[in-house]
Amino acid sequence: MMGHSHALSGIVGWMAVVPFLDGREVLGVSFDLGPGEIVAGSLVCAGAALIPDLDAKSSTITNTYGAFTRALSGIFNWMFGGHRNGTHSLLFAVLMGSVTQGLALWSEFAVQIFVFLLLGIAFNGLGLGSEKNSIASAVINAMATGAVTLALFTSGVDYSWIGLAVAFGCFLHFLGDMATELGVPLLWPATKYRFGEKIGFTTDSKVERNLVTPSLTIAIVLLTFYLFPWPELLPEV
Ligand SMILES: [Zn+2]
């Protein structure tokens with residue numbers, strides 16, 4: 001699946017679970033999801049839904065922060081046995097989620113930096129930065145990322161759920177890739193069996209461009225109407 005479809009699936013995925021999580025406690029994390037947490041979680045999930053492709057040279061995430069993400073990509077590719085291997089396993093999702101949660105427990109400042117980096121990846125995946133990576137689009141992306149991170153920070157977004165959101169974002173990536181023909185080795189390293197292999201659509205095919213991407217976009221619009229307390233948010237006329 002392509003970068004922007006993965007990023008969109010991250011947003012849809014988070015928005016879809018908000019009604020089930022809000023007001024509940026899951027794995028020791030209590031979810032209190034207001035508008036700020038819905039936006040923050042959607043973007044965190046969108047960025048996280050691009051992390052597994054850090055194993056590929058040409059992916060959106062690998063090319064988001066230049067030499068930094070390219071070096072990271074080289075390391076991940078080596079550690080996890082090449083493209084669509086270990087980084088596409090449940091173990092990887094748990095690992096990423098745990099590292100993020102550890103970061104959150106360690107320092108609130110580190111979380112803000114991490115959120116900033118993840119949002120930059122999300123916006124890049126959503127197409128805010130052009131594929132050609134011109135300086136202008138990089139600047140626009142950086143400004144938007146900074147502005148949104150700051151807005152979420154000043155509105156006091158609580159990131160206690162960030163580890164779970166990152167693991168969930170990775171998992172949504174696997175679902176997206178399972179829908180394509182190559183499949184995903186979910187149980188790596190125990191078995192290399194690829195779930196969803198030879199079924200589904202081809203990456204960047206007509207099906208993905210004309211059906212998957214528009215459906216995800218419509219889902220976001222509908223969920224936005226459904227989830228937000230519009231009467232409270234809109235100014236009274
Ligand atoms: Zn992938």
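Not measured: the values here are computed from a predicted model. We count ligands from 1, going down the list as the structure has it; atoms in each ligand are counted the same way.
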Going through the distances and angles, do Trp78 and Phe76 end up as a ring-ring contact (aromatic ring centres under 6.0 Å, His included)?
-> CA-CA 5 Å; Trp78 172 76; Phe76 272 54; over 10 Å; no
Only pairs at least two apart or in different chains count here, so list each salt bridge (charged side-chain N to carboxylate O under 4.0 Å, His left out) that has a residue in residues 77-104.
->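 Only Arg84-Asp177 qualify under salt bridge (charged side-chain N to carboxylate O under 4.0 Å, His left out).
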is_close_aromatic(Phe195, Tyr193), centroid dist under 6.0 Å |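 Yes, close enough.
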Can you list the steps and then say if Thr60 with Asn124 is a side chain to side chain donor-acceptor pair (under 3.5 Å)?
-> CA-CA 7 Å; Thr60 310; Asn124 201 12; over 6 Å; no
Should we count CZ of Phe228 as having more than 12 external heavy atoms under 6.0 Å?
->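 More than 12 within 6.0 Å, yes.
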Counting only N and O atoms by type, is there a donor-acceptor contact under 3.5 Å from the side chain of Ser42 to the main-chain atoms of Trp14?
->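 Not a single qualifying donor-acceptor pair exists.
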For the Zn ion (ligand 1): protein N/O/S atoms at distances below 2.8 Å |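 Excluding waters, the total comes to 4.
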